[in-house]
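These numbers come from a predicted model, not from an experiment. All chains are named by letter (A, B, ...) in the order of the sequence lines, taking the proteins before the strands, and each is independently numbered beginning at 1.
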2 protein chains.
Amino acid sequence: MSDLCVGLPDSKLPILYDSSEHVERNKGEILFEDVDPATHIFNIQEGSITLYRMGPSGQRQILGFLFSGDLFGISPGESYGVSAEACADTKLCRWERNKFDDFLVLFPAMGRQFRLIASKSLAQSLDLAFALGRLNAEQRLAAFFIHLNERQAEMGAGPNQVSLPMSRSDIADYLGLTIETVSRGITKLKKKGLINLIISDYIEFLDKEALKELAEGA
Amino acid sequence: MSDLCVGLPDSKLPILYDSSEHVERNKGEILFEDVDPATHIFNIQEGSITLYRMGPSGQRQILGFLFSGDLFGISPGESYGVSAEACADTKLCRWERNKFDDFLVLFPAMGRQFRLIASKSLAQSLDLAFALGRLNAEQRLAAFFIHLNERQAEMGAGPNQVSLPMSRSDIADYLGLTIETVSRGITKLKKKGLINLIISDYIEFLDKEALKELAEGA
DNA sequence: CGTTGCCTTGAAACATTTCAAAAGTCGTGG
DNA sequence: CCACGACTTTTGAAATGTTTCAAGGCAACG
């Protein structure tokens with residue numbers, strides 16, 4: 001159940017587990033919408049989720065791609081404030097907010113762990129804001145690939161590759177671009193010899209250092 | 001001491017207070033840099049702070065303007081990850097991370113309150129990401145004015161005005177624009193009859209509803 | 001009253017978007 | 001196994017919004 005239970009005595013795990021509900025969503029199905037009352041905290045067991053917000057003219061901004069182990073549904077208000085959709089067939093578990101809150105009070109180690117996770121979410125969204133505000137298309141793509149690569153490496157993937165399970169349209173909506181600009185950006189990175197596009201959803205890094213520099217905004 | 005102590009029994013306040021240190025910074029002085037070890041949690045008593053990140057080519061992205069009562073310094077890693085600078089003469093207090101963590105465990109009400117504050121920070125940075133990713137210059141300005149207006153209204157300001165204590169350069173670096181584009185955007189909003197620029201750092205809303213719609217991305 | 005710093009305005013350059021079409025991928029059925 | 005159609009990705013050319021570079025206006029200050 002993610003990193004949430006690090007440091008939690010094993011004897012308490014069943015309590016946490018018993019109070020959770022299991023939920024499943026197929027690819028493309030919606031888990032909740034931004035205006036829905038924020039009743040639960042979710043944890044991904046398998047699959048992936050996109051968090052996004054829609055503008056009134058149909059602009060979609062994806063605010064995060066989440067994977068196994070990620071926790072979400074954290075909100076300060078009545079509603080979630082973001083929508084969540086399954087980006088692949090996904091298994092989750094969820095807790096009622098109140099119950100979850102009780103756990104955090106009951107098990108201080110879990111409270112600490114929760115703060116760590118929440119601050120990671122914050123750090124990630126600051127990374128995104130920096131990318132959207134101050135990086136050009138090519139740099140945003142580099143940052144995205146490096147970010148995904150690190151996330152996938154944690155899950156056992158190789159150090160010089162990245163797979164893109166999401167569509168160009170999803171990537172575009174995450175990076176604040178259009179699919180055409182994403183496509184052109186990938187082509188540019190290829191022509192510069194930084195990456196190799198094996199197939200449209202699998203990239204090999206040819207010069208990871210240069211990619212990292214680009215990603216920082218060089 | 002901000003909203004952090006809501007629900008905390010008065011008898012505990014001195015403990016919290018005693019363990020804090022007071023810090024002052026004059027306008028323009030740096031409080032910490034992104035690479036500094038994240039040793040403290042800060043709370044603003046008076047004044048304002050900008051959180052920002054610098055790119056290697058000198059690009060500055062401001063990630064937040066913070067005011068009295070705001071809490072910051074939350075980070076998942078060893079370092080702060082963002083830099084903090086006084087945007088006006090500012091008085092703060094700070095706690096050592098470890099001690100602060102102890103309080104959160106000791107006083108569950110404070111833990112809850114902290115989670116609320118942390119999730120507000122997250123929500124704000126998601127708002128910023130949406131603005132940077134999917135709004136044009138005019139819309140970003142509208143969103144910024146509405147946001148500041150709400151923040152200032154909480155502190156007792158009128159409902160149809162906003163003061164801009166920060167420079168055009170700060171606004172530009174927050175909205176991912178240049179000062180020229182900010183200036184032109186303000187002019188456009190003026191010409192459309194949505195705002196009135198009384199002086200360069202004080203704006204009156206002439207059509208707040210239209211402004212809000214723009215801010216949402218209409 | 002001139003200097004300094006910040007804000008505004010103008011014109012050309014640039015990056016990204018928009019619109020349009022071609023190329024590639026995938027599953028289905030002949 | 002190839003052919004077909006639907007869908008996604010890539011490429012091209014024109015349009016658009018923002019940036020860059022340059023100059024002018026304005027207020028504060030000595």
Over 60° means perpendicular and under 30° means parallel, so classify the ring planes of [Y] and [X], tilted if in between.
{"X": "A:Phe65", "Y": "A:Phe144", "value": "tilted"}
{"X": "A:Tyr80", "Y": "A:Phe32", "value": "parallel"}
{"X": "B:Phe72", "Y": "B:Phe42", "value": "parallel"}

Heavy-atom count check: over 12 atoms from other residues, nucleotides or ligands less than 6.0 Å from B:Glu78 CD?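 12 or below, so no.
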Inspect the surroundings of NZ in B:Lys91 and state if more than 12 heavy atoms from other residues, nucleotides or ligands are less than 6.0 Å away.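 No, NZ of B:Lys91 has 12 or fewer neighbouring heavy atoms, counting only those of other groups under 6.0 Å.
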If you check every side-chain atom of [X], which of [options] has the closest atom?
{"X": "A:Glu180", "options": "C:dT16, C:dC7, C:dT18", "result": "C:dT18"}
{"X": "B:Thr181", "options": "D:dT18, C:dT16, C:dC19", "result": "D:dT18"}
{"X": "B:Asn136", "options": "D:dT11, C:dT8, D:dG17", "result": "D:dG17"}
{"X": "B:Leu197", "options": "C:dG10, C:dT8, C:dT17", "result": "C:dT8"}
{"X": "B:Ser183", "options": "D:dA13, D:dT20, C:dC7", "result": "C:dC7"}

Measure the distance from [atom1] on [X] to [atom2] on [N] and round it to the nearest whole Å.
{"X": "B:Gln139", "N": "D:dT18", "atom1": "CD", "atom2": "P", "result": "9 Å"}
{"X": "A:Leu189", "N": "D:dT9", "atom1": "CG", "atom2": "C1'", "result": "16 Å"}
{"X": "A:Leu141", "N": "C:dT16", "atom1": "CG", "atom2": "C1'", "result": "13 Å"}
{"X": "A:Ile198", "N": "C:dT25", "atom1": "CD1", "atom2": "C1'", "result": "17 Å"}
{"X": "A:Leu177", "N": "C:dT18", "atom1": "CG", "atom2": "C1'", "result": "14 Å"}
{"X": "B:Leu135", "N": "C:dT17", "atom1": "CG", "atom2": "C1'", "result": "16 Å"}
{"X": "B:Gln59", "N": "D:dT20", "atom1": "CD", "atom2": "C1'", "result": "15 Å"}
{"X": "B:Arg184", "N": "D:dT16", "atom1": "CZ", "atom2": "P", "result": "18 Å"}

Considering every strand and a 4.0 Å limit on heavy-atom distances, what is the contact class for B:Ile186: base, sugar-phosphate, or nothing?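 No contact.
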B:Ser200 or A:Glu138, whichever maps to the more 5' nucleotide of DNA chain C: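 Comparing both residues, the 5'-ward one is B:Ser200.
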Neighbours of DNA chain C within residues 164-176 of chain A, by heavy-atom distance under 4.0 Å: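 Within residues 164-176 of chain A, the residues near DNA chain C are A:Gly176.
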Assess whether a salt bridge exists between B:Arg60 and B:Asp170, defined as any Lys/Arg side-chain N lying under 4.0 Å from an Asp/Glu carboxylate O.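 Here B:Arg60 pairs with B:Asp170 in a salt bridge, since their nearest N and O are under 4.0 Å apart.
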Identify, between A:Ile179 and A:Arg134, the residue whose nearest nucleotide on DNA chain D lies closer to the 5' end.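 So the residue in question is A:Ile179.
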Please tell me if the side chains of B:Glu216 and B:Leu214 come closer than 4.5 Å, counting only heavy atoms from C-beta onward.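 B:Glu216 does not reach B:Leu214 side chain to side chain.
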